[in-house]
Asks: 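Pasting a structure below so you can have a look.
Below, chain A is the first sequence line, B the second, and so on; all start at residue 1. Not measured: the values here are computed from a predicted model.
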There are 2 protein chains.
Amino acid sequence: MSSKMTKKRANLRDVAAAAGVSVATASRVMNTPEAVSEATRQKVQAAMDSLRFMPSAAARAINSGRSRFVGALVPTLDNAIFARYLSRLESQLDKHRLSLVVSTTDGIPEIEAEKARTLINIGAEGLIMSGITHRPALYELINRGGIPAIATSYYDPDFALPTIGYDNAAAAFTALSHLTGLGHSRISVIHGPTETNDRTGTRVEALRRRPDGAKIEFYLEPLSIEGGCSGVQRVLEARPDTTAILCMSDVQATGALYELQRCDISVPGGLSLLGIDDLPGSAHLCPGLTTVHLPVARMGLAAADAIAGWVENGTVPEPVLLESRLVNRSSTGRLGDVTLTEVTRTGAAD
Amino acid sequence: MSSKMTKKRANLRDVAAAAGVSVATASRVMNTPEAVSEATRQKVQAAMDSLRFMPSAAARAINSGRSRFVGALVPTLDNAIFARYLSRLESQLDKHRLSLVVSTTDGIPEIEAEKARTLINIGAEGLIMSGITHRPALYELINRGGIPAIATSYYDPDFALPTIGYDNAAAAFTALSHLTGLGHSRISVIHGPTETNDRTGTRVEALRRRPDGAKIEFYLEPLSIEGGCSGVQRVLEARPDTTAILCMSDVQATGALYELQRCDISVPGGLSLLGIDDLPGSAHLCPGLTTVHLPVARMGLAAADAIAGWVENGTVPEPVLLESRLVNRSSTGRLGDVTLTEVTRTGAAD
DNA sequence: ATGGTTGATGAAACCAGTTACATGTGTCAA
DNA sequence: TTGACACATGTAACTGGTTTCATCAACCAT
């Protein structure tokens, strides 16, 4: 055994001692090398290399008060809509030299609050949440720490936190209007949980309040392809005179389309199908899914800028409303009409 | 103006002073409350509440030497295969009370090295990378800091770092064998970049070395739906006698299927189509995409356990080989045969 | 020759916690 | 009555950097 088996990672004191300088000088070599003479710089550099010195992130953070990362809370990563959003969020945060910690909540408020606590415990400088419905404990946490926090996927200028998102009620109504404009009045809506998901809740509520002359029935299903499948089964059984199915998410619409095809019901000849989200794959279903495009990439970008401005300069961001819009592909048609509408080839980039 | 506008966040000293105790006692209230008398505990707790005290993550980290988060480097979040993987990675890391920082590299080694540096700078305790081809600078970084790091999506027991993944060559060969077994011999392969992506590179190389009696031509295309579309265009132009198209990723296969349908070429009647990945949506294309299932969810789970064990106990993980397997749906058929094979309804959960 | 300025460096305080060790008090058995 | 011991608490060292301030030598203009 050698006399010194010190495996401990070298710190700045070790480096300084090895180089025969003070810790202050060693520190300067890292942060303000121009303030150190060339000879000393090289001495210290050599010591750092031979000791395999790596600065401690925690020690840095304790001085700067900065951790250089923020946390995002999303229901799931398995839905492409969130993946797309996070993708842009991460790349834009990177431009602000900020990293992204991702936490999934499964859409459960308790888990969200718990994960938010974890994010703050590990040092997140800011929080980006999904929607505006959260546990009181989460708000207390944010208030207590004065943590910059924004809510996304939902626009509400009156909300306590800055919101960056789209008008979910308008998106649902855009979808409904498209169907009623095509002559449909017996419409079945397949949607995910509304209790814990305010985006879905707002969409459903908008349709209940402004049925636009249509007779709408609602079917609650899990937010998955399978949910879309079973939703269609229920619709066909309970309401065979339905002429159009409106899914509150493209994931469910994908499942619905699959099930309709399995039942040999042509779309849009036999039944019109409409989604909300505009996933990357929705354009490539057959027929291409008509849907309401949600600008999640722009949202990721805006959210990144907003939280970055807040944590860097203390600028509390303004709410941002992003416009959703109908993407007319081939899964919807005029009532009683078999002519296909023009195909929009690929999804929009935003 | 009030006499004290001290906006600075309260620290433990402030709390201790307000409660009339020492910092040590205040600290104990947080960490070992059972070692503090009930009366003192309440005094301190009250002081913490009124001062809105929040412990500093950095100060904690500097003492414990733990940051409680690890970093993952993936090419992109936009491909569902990575989203699925990260989804499971994150949920399993959470069981180890570890958070996940996600960094995307666009498959560019320089960006990967840079982002790895950033991850370590902000304090990541471990690194989970994709594939085994990286810049020397990245290895130096890992070695210098002695940072636990594993490579995923690739199995190679001889690699310097522990690998957790599948045999990419075997996956490609499984796909090829399926096609040759159905009588196909004029096969066109559409694949993504091989220079920067060793997973794709290994798959392509495997097919070049063991063509299994087939005449294979290779078409390099971007790893996107559009890449699949243009790949099909090139195949139809350059090699119209092709009887089967093998895509090295489901994303490209999705685009290929779309383009084939646009050209009124039935699948598998006119042409067989095969993918690799088994995305959640692949089962719901029409026809359902026959593909090689890559166990990315199991991989996320294994990677989480591996890196957690390493950072918690110093246990260097063993390489893990995960089996891929063919998922036979309806996009491939016997040469000259129009009979559809049985449909596998949904993707496997792993 | 001398006062002023610049440049390089070190000593020590500081950030915000944790924790080893010391101290003091109260209880109980010998 | 005293020694032993548990319990509650305080003192101060410690984590690993950054930064302020002081020091000192070299250089330059007066």
Side-chain angles (χ1 to χ4, degrees), chain A residues 6-45 47-48 51-68 120-125 144-147, chain B residues 6-45 47-48 51-68 120-125 144-147:
Chain A
T6 324
K7 278 173 194 168
K8 210 194 55 178
R9 242 172 70 172
N11 61 26
L12 250 203
R13 262 117 187 141
D14 301 330
V15 170
V21 300
S22 70
V23 276
T25 301
S27 174
R28 279 189 273 261
V29 168
M30 311 174 61
N31 301 306
T32 51
E34 68 279 5
V36 177
S37 77
E38 182 60 20
T40 317
R41 225 210 73 241
Q42 293 193 356
K43 257 195 317 187
V44 174
Q45 201 60 259
M48 284 179 166
L51 289 173
R52 306 174 149 262
F53 170 76
M54 294 227 40
S56 146
R60 275 215 167 122
I62 209 177
N63 285 294
S64 65
R66 303 281 317 262
S67 63
R68 300 219 74 87
I120 291 177
N121 276 340
I122 66 172
E125 293 187 54
R144 147 97 71 141
I147 311 284
Chain B
T6 324
K7 281 174 191 168
K8 210 194 55 176
R9 241 172 68 173
N11 62 28
L12 250 203
R13 261 116 190 141
D14 301 331
V15 170
V21 299
S22 70
V23 277
T25 300
S27 174
R28 279 189 273 261
V29 169
M30 310 174 62
N31 302 304
T32 50
E34 68 279 6
V36 178
S37 76
E38 183 59 21
T40 320
R41 225 209 73 241
Q42 294 193 357
K43 258 195 316 185
V44 173
Q45 201 61 259
M48 285 179 167
L51 289 173
R52 306 174 149 262
F53 170 75
M54 295 231 31
S56 146
R60 271 212 172 127
I62 208 178
N63 284 294
S64 65
R66 302 281 318 261
S67 63
R68 300 219 75 87
I120 291 178
N121 277 339
I122 65 173
E125 291 187 57
R144 149 94 74 142
I147 312 285

Asks: Is the phosphate of dT9(D) approached by Ser37(B) (side-chain N or O, under 4.0 Å from OP1 or OP2)?
Replies: yes
Asks: State which of dG16(D), dG17(C), dT9(D) makes the closest approach to the side chain of Asn11(A).
Replies: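 Of the candidates, dG16(D) comes closest.
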Asks: Hey, is the side chain of Ser27(B) poking within less than 4.0 Å of OP1 or OP2 on dG17(C), counting only N and O atoms?
Replies: no
Asks: What's the closest nucleotide to the Thr40(A) side chain, out of dT9(C), dC15(C), dT18(D)?
Replies: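 Closest of the options to the side chain of Thr40(A): dT9(C).
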Asks: Assess whether a salt bridge exists between Glu125(A) and Arg66(A), defined as any Lys/Arg side-chain N lying under 4.0 Å from an Asp/Glu carboxylate O.
Replies: yes
Asks: Compare the minimum distances between each of dA8(C), dC14(D), dG10(C) and the side chain of Asn63(B), then state the nucleotide with the smallest one.
Replies: dC14(D)
Asks: Which listed nucleotide (dT11(D), dA8(D), dG17(D)) is nearest to the side chain of Ala24(B)?
Replies: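 The listed nucleotide nearest to Ala24(B)'s side chain is dT11(D).
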Asks: According to a strict under-4.0 Å criterion, is Thr25(A) in side-chain N/O contact with OP1 or OP2 of dG10(C)?
Replies: yes
Asks: Mapping Glu34(A) and Pro55(B) to their closest nucleotides on DNA chain C, which lands nearer the 5' end?
Replies: Glu34(A)
Asks: Side-chain N or O of Arg13(A) less than 4.0 angstrom from OP1 or OP2 on dG17(D)?
Replies: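 False: Arg13(A) side-chain N/O out of range (4.0 Å or more) of dG17(D) OP1/OP2.
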Asks: Should Ser22(B) be listed as having a side-chain N or O under 4.0 Å from OP1 or OP2 of dG10(D)?
Replies: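 For dG10(D), OP1/OP2 do have a side-chain N/O of Ser22(B) under 4.0 Å.
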Asks: Send over the distance from Glu38(B) CD to dC7(D) C1', rounded to a whole Å.
Replies: 15 Å
Asks: For a side-chain contact (heavy atoms from CB on, under 4.5 Å) with Gln45(B), tell me which candidate from Val36(B), Val29(B), Thr40(B) qualifies.
Replies: Val29(B)
Asks: Would you say Asn31(B) reaches dT18(C)'s phosphate, i.e. side-chain N/O to OP1/OP2 under 4.0 Å?
Replies: yes
